[in-house]
Amino acid sequence: MYFSEEEDTVQEKYNFKEVEKKWQDRWEKEELYRVEEDSPEEKYYCLEMFPYPSGKLHMGHVRNYSIGDVVARFKTMRGYNVLHPMGWDSFGLPAENAAIQNHIPPAKWTMDNIKSMKEQLKAMGLSYDWSREVTTSLPDYYKWTQWLFLQFYKHGLAYKKKGYVNWCSDCNTVLANEQVVNGACERCDTPVDKKALEQWYFRITDYAQELLDSLADLPGWPDKVKIMQENWIGRSEGAEIYFTVEKTGEKIPVYTTRQDTVFGVTYVVLAPEHPLVKKLIAGTNYEQSVQDFVKKVQQMTEIDRTSAETEKEGIFTGAYAINPINQEKVPIWVTNYVLYEYGTGAVMGVPAHDERDFMFARKYNLPIRFVIQPLEQKTNEAEMTEAYVEDGMMINSGSFNGLTSAEGRRKVAEFLEEKGAGKFMVNYRLRDWLISRQRYWGAPIPIVYCEQCGTLSVPEKDLPVILPLDVEFRPTGESPLNNYPEFLHTTCPQCGGAATRETDTMDTFVCSCWYFLRYTDSQNTEEAFRREKADYWMNVDQYIGGVEHAIMHLMYARFFTKALADFGLLEAREPFQNLLTQGMVLKDGLKMSKSKSNVVSPEEIIKKYGAETARLFILFAAPPERDLEWSDRGVEGSYRFINRVWRLIYHYLQDLKQNKEKFVSTQDLSSADQDLRRLMHSTIKRVTEDLELRFNFNTAISAIMEFVNGLYHYREEEKQNAPLLREAIEMLLTILAPFTPHLSEELWEAVGHQESIHLQSWPEYDEEALKTEEIEIVLQINGKVREHLIVPVEISREEIEKLALNTERVQKTAIGKEIKRVIVVPGKLVNVVIS
RNA sequence: GCGGAAGUGGCGGAAUUGGCAGACGCGCACGCUUGAGGGGCGUGUGGUUAUCCGUGCGGGUUCAAGUCCCGCCUUCCGCACCA
């Protein structure tokens with residue numbers, strides 16, 4: 001990019017309003033941040049989580065995008081071909097709620113918000129390639145979300161089934177397991193109900209093992225996030241064991257990780273929803289009471305039911321089961337503490353070796369039988385007040401006596417497997433992803449139902465299934481699609497007869513599962529993305545966003561990437577190579593929120609101090625992954641620094657314009673010149689390493705501040721070296737460019753450059769320039785700092801030792817004592833140990 | 001209960017491999033500049049000062065510990081009857 005010929009008058013005081021606007025407009029006009037795939041440079045994909053267009057930018061956004069912008073600009077200057085896109089996660093409930101409350105159509109509300117948020121983002125001076133912008137709620141995007149759904153369907157990874165699902169009565173829709181927090185809707189906190197409904201699922205459980213295993217391929221992810229995903233997947237190894245109903249011979253599979261305790265089983269328990277419950281009690285004396293109990297449990301809220309503190313309750317069904325290991329007859333109970341969704345929905349009760357079973361058995365006077373002996377001491381059964389849940393040695397277990405728990409787990413499972421009464425089993429806590437929502441503002445699921453032909457995909461050529469915009473909302477929250485005949489009624493793609501459309505839409509997390517792929521080829525009207533383009537850009541080298549997406553978005557996106565790779569659509573099996581989870585922005589130690597009225601508006605800060613002050617403060621105040629305490633004083637400090645840089649360079653402006661001599665020789669430098677030059681190079685080194693190795697923006701900025709302080713000191717020198725000064729100032733502007741892009745660009749132009757500073761290379765430091773002739777080392781006596789010695793750089797260990805021993809301080813201290821040892825750490829310190 | 005992160009001046013934070021604790025910034029004090037205020041430029045600023053003491057607490061390893069080991073405390077975050 002080249003600057004226009006017109007002469008700019010540089011003002012004495014930094015006018016951030018004019019300057020920021022001037023460069024934002026010029027960068028946009030010149031398409032400075034546009035990237036293509038045909039670059040000789042190595043690619044780098046820098047991505048920040050795209051926002052939901054609420055209409056207003058908040059400080060979390062400012063932090064997220066400031067971090068991303070520094071990374072993108074820095075990598076560009078380091079010589080990478082950087083993809084840095086932005087878009088909108090624009091389906092979702094708030095738009096619909098706005099429609100119900102204020103009678104604004106969701107599409108209009110959404111597009112208006114996008115417009116105003118885009119202006120706010122542009123006012124921040126972020127280096128996005130806006131030509132790649134994606135909007136998930138527009139047909140040119142959701143067409144491909146629907147197309148991807150069909151690929152999942154075709155490959156058997158999307159299916160419909162009836163099951164007990166989480167229902168939020170306030171949002172009027174079902175929720176995925178991941179969207180239920182403590183038994184309540186994560187969006188509105190309404191306790192969820194369990195409803196038996198037919199719903200669409202993605203078979204993420206097919207990928208459970210790979211999702212778990214390949215966490216190991218992500219060293220660039222925070223351990224915290226990997227551990228959370230690991231726990232969510234919840235893999236366990238155990239056995240399925242088949243108990244049989246005494247009367248009917250029907251099998252009851254139970255899942256356990258402690259098959260070594262199978263001789264300790266004194267009862268079997270079923271979840272209230274277990275289908276066997278009804279059969280067992282039908283026509284017996286127990287029928288009424290068990291039914292009452294089941295009803296009671298099902299009426300409990302999800303919170304109460306799943307809390308570990310909830311009292312364990314149960315009821316005998318009147319039926320008995322046979323333990324396949326020893327043919328023993330044990331009672332079958334129904335309880336509130338067995339989860340139908342996990343394992344087989346049935347559990348073997350081993351009170352002696354499981355806390356929950358222990359409490360349950362105590363309450364209902366069920367027998368407790370010890371079958372695992374601690375290795376160190378003998379259990380005194382009479383004195384036991386809690387279950388022994390550790391491993392040990394098997395006792396009271398027939399031919400298995402004497403085995404350790406680990407051996408027992410293997411042998412018992414093998415034995416049962418041989419008898420056809422059980423098998424080894426790996427279990428996961430991860431459930432399939434429920435993706436259908438009974439809401440309007442989402443991507444319609446491209447399915448039609450025909451009375452003759454059944455459930456059918458919409459043919460790919462008929463995509464997108466357009467979401468109608470002129471719909472009417474009812475205050476109930478019911479999806480208006482159900483009352484929109486033109487949408488609902490269609491023809492069967494197979495027989496041509498009358499058919500109806502699926503009116504459920506997809507969970508918005510489906511849309512955000514592949515947006516990073518669409519960015520690589522966002523204008524493509526023939527495909528979701530061209531494979532070569534995706535393969536060129538993927539994986540995302542650096543992904544940046546909030547930790548609140550640790551499970552849902554990040555796991556769903558990983559699942560999508562793996563599935564798409566299996567469909568042959570791309571090479572990558574992981575979407576995000578490196579992940580940075582930024583901390584929250586706090587005010588007065590609390591998360592900013594309307595209810596606490598401690599919200600600081602980015603718009604106001606930008607208006608008052610300019611975008612760069614806001615960016616600089618946020619990057620300077622804390623390292624990116626930590627929470628950040630907002631401080632108005634701190635903001636003023638950043639504002640001061642920016643003006644300090646401006647004044648410094650303004651002071652030299654005339655000289656710099658007239659004297660364009662380049663710095664070439666290190667001859668004839670005064671000691672102040674040498675100091676300045678050393679400071680300059682050590683600053684480059686520090687800033688480069690802080691950005692390259694650690695994303696420590698705060699310490700990088702502090703190094704630049706020290707450099708500026710050094711330049712102010714140099715300004716006091718009588719004799720100043722003009723070429724050196726020019727080099728130092730240009731270096732300063734260059735390393736500031738990722739942090740303060742407008743200021744740097746304006747001054748870069750002012751000192752006489754025609755090409756944008758953002759197209760310059762990142763400076764290299766000169767190892768030679770860092771060297772000094774003398775260094776300061778620490779003199780310690782018994783490990784305590786006593787003095788500082790100035791010594792030549794190339795001094796030997798022996799000389800340092802001699803020097804140290806000859807100091808007055810050491811001599812004095814050593815009177816009447818023995819010098820036991822002298823430790824020399826070259827270049828750092830000498831420690832004299834005196835008894 | 002389980003898992004993770006953190007705890008350093010009046011405040012935000014630095015200390016990269018065990019080697020000068022407190023970089024940088026805020027605040028505060030003082031000086032210079034200015035008609036004044038603001039702003040700017042500069043100096044000082046952990047606590048005590050004879051010296052010592054200091055990184056949540058108590059031990060330990062080491063010539064040397066904010067950093068390593070053992071045992072606790074507090075705060076925040078995530079998960080939580082998963083058999």
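In what follows, every chain begins at residue 1, and chains take the letters A, B, ... in the order their sequences are listed. Keep in mind that this is a model prediction, so the values were computed, not measured.
- In terms of phosphate contacts, R258(A) brings no side-chain nitrogen or oxygen within less than 4.0 Å of OP1 or OP2 of A83(B).
- Across the protein-nucleic acid pair, N696(A) atom CG and G25(B) atom P stand 18 Å apart, rounded to whole Å.
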- Nucleic acid footprint by protein, nucleotides 4-13 of chain B - heavy-atom cut-off 4.0 Å, B for base, S for sugar-phosphate alone: S-------BS
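- Side-chain atoms of R644(A) lie closest to C41(B) of the nucleotides A80(B), C63(B), C41(B).
- Residue-level contact check: V825(A) touches the bases, meaning some heavy atom is under 4.0 Å from a base atom.
- Here the nucleotide nearest the side chain of Y255(A), chosen from A83(B), U43(B), C63(B), is A83(B).
- Distance, K226(A) NZ to C77(B) C1': 19 Å, rounded to whole Å.
- Between K685(A) and E689(A), at least one side-chain nitrogen of the basic residue sits less than 4.0 Å from a carboxylate oxygen of the acidic one, meeting the salt-bridge criterion.
- Between G25(B) and N709(A), a contact under 4.0 Å exists linking OP1 or OP2 to a side-chain N or O.
- Inspection of the S236(A) and N427(A) side chains reveals no N or O donor paired with an N or O acceptor under 3.5 Å.
- If you take CH2 of W630(A) and P of C26(B), they are 15 Å apart, rounded to a whole angstrom.
- Checking G27(B), A83(B), G42(B) against the side-chain heavy atoms of R633(A) singles out G27(B) as nearest.
- Cation-pi geometry between K312(A) and F360(A) is not satisfied (NZ or CZ under 6.0 Å from the ring centre, within 45° of the ring normal).
- Comparing the C1' positions of U61(B) and A80(B) gives a spacing of 38 Å, expressed to the nearest Å.
- The OH atom of Y639(A) sits 11 Å away from the C1' atom of G39(B) (whole-angstrom rounding).
- For the C1' atom pair drawn from G40(B) and A21(B), the interatomic distance equals 32 Å after rounding to whole Å.
- With no hydrogens or angles considered, no side-chain donor-acceptor pair links E390(A) and Y388(A) at under 3.5 Å.
- Under the 3.5 Å distance criterion, with hydrogens and angles disregarded, no donor-acceptor pair is assigned to the side chains of N643(A) and Y650(A).
- Each of G634(A) and S702(A) was matched to the nucleotide of RNA chain B holding its nearest heavy atom; the match closer to the 5' end belongs to S702(A).
- In this structure, K194(A) does not pair ionically with E273(A), as no charged nitrogen and carboxylate oxygen lie closer than 4.0 Å.
- For E801(A) and C63(B), the CD to C1' distance is 13 Å, given to the nearest whole Å.
- As judged by a 4.0 angstrom heavy-atom cut-off over every strand, S307(A) is placed among the base-contacting residues.
- The P atoms of U34(B) and C41(B) are separated by 16 Å, rounded to the nearest whole Å.
- A387(A) and P351(A) make their closest contact through CB-O, 3.6 Å (heavy atoms, listed as atom of the first residue, atom of the second, distance).
- Set against C20(B), G78(B), G19(B), the side chain of M228(A) has G78(B) as its closest nucleotide.
- Between G78(B), C26(B), C52(B), one nucleotide has an atom nearer to the side chain of R786(A) than all others, and that is C52(B).
- In this structure, Y650(A) atom OH and C41(B) atom P are separated by 15 Å, rounded to whole Å.
- One distance of note links CE of M680(A) with CE of M731(A); it measures 4.5 Å at 0.5 Å rounding.
- Taking 4.0 angstrom as the limit, K784(A) places none of its side-chain polar atoms (N or O) nearer than this to OP1 or OP2 of C63(B).
- Using a 4.0 Å heavy-atom cutoff across all strands shown, V785(A) reaches sugar-phosphate atoms only and no base atom.
- Residues G343(A) and I701(A) both approach RNA chain B. Their nearest nucleotides, taken by heavy-atom distance, put I701(A) toward the 5′ side.
- Side-chain proximity of Y712(A) to the nucleotides C63(B), C24(B), G42(B) is greatest for G42(B).
- Atom CG of L648(A) and atom P of G40(B) are 14 Å apart (whole Å).
- A gap of 7 Å separates the C1' atoms of U67(B) and G18(B), to the nearest Å.
- No side-chain donor from either of N831(A) and R821(A) sits under 3.5 Å from a side-chain acceptor of the other.
- For H788(A), no side-chain nitrogen or oxygen approaches OP1 or OP2 of G19(B) to under 4.0 Å.
- Side-chain proximity of T699(A) to the nucleotides A23(B), G19(B), C41(B) is greatest for A23(B).
- When the P atom is used for both A23(B) and U8(B), the distance is 16 Å, rounded to whole Å.
- The pair E237(A)-R409(A) does not meet the salt-bridge criterion, since no charged nitrogen lies less than 4.0 angstrom from a carboxylate oxygen.
- A side-chain N or O of E178(A) and one of W232(A) form a donor-acceptor pair less than 3.5 Å apart.
- Glycosidic conformation at G9(B) (O4'-C1'-N9-C4 for purines, O4'-C1'-N1-C2 for pyrimidines): syn, within 90° of 0.
- Nucleic acid contact for T257(A): sugar-phosphate only, since backbone atoms but no base atoms lie under 4.0 Å from a heavy atom of the residue.
- Looking at the side chain of H713(A), the nearest of the listed nucleotides G40(B), A83(B), U43(B) is U43(B).
- Taking every side-chain heavy atom of R647(A) into account, C41(B) is the closest of A15(B), C41(B), C79(B).
- Not a single donor-acceptor contact under 3.5 angstrom links the side-chain atoms of K828(A) to the base of C20(B).
- Closest to the side chain of Q780(A), out of G40(B), G19(B), C81(B), is G19(B).
- Salt bridge annotation for E328(A)-R369(A): present, with a cationic side-chain nitrogen under 4.0 angstrom from a carboxylate oxygen.
- With P as the reference atom, C20(B) and U16(B) are 9 Å apart, rounded to whole Å.
- Rounded to whole Å, the C1' atom of U17(B) lies 32 Å from the corresponding atom of C26(B).
- By the neighbour-count criterion of 12 heavy atoms within 6.0 Å, atom CG of D627(A) is densely surrounded, having more than that number from other residues, nucleotides or ligands.
- Distance check on atom P: G66(B) versus G39(B) gives 39 Å, rounded to whole Å.
- Summarising the geometry of M348(A) relative to I241(A), their closest heavy-atom pair is SD-CD1, 4.1 Å, with the distance given to 0.1 Å.
- Annotation: side chain of R558(A) is in contact with side chain of L218(A) (closest heavy-atom distance under 4.5 Å).
- Contacts between residues 330-338 of chain A and RNA chain B, defined by a heavy-atom separation below 4.0 Å, involve Y337(A), V338(A), listed by number.
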- Item | Secondary-structure string, 5' to 3', Watson-Crick or G-U under 3.5 Å, | for another-strand partners, for RNA chain B | (((((((..(((......[....)))(((((((.....)))))))((....))..(((((..]....))))))))))))....
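- Summarising the geometry, the separation between CG on L616(A) and P on G25(B) is reported as 12 Å, rounded to the nearest angstrom.
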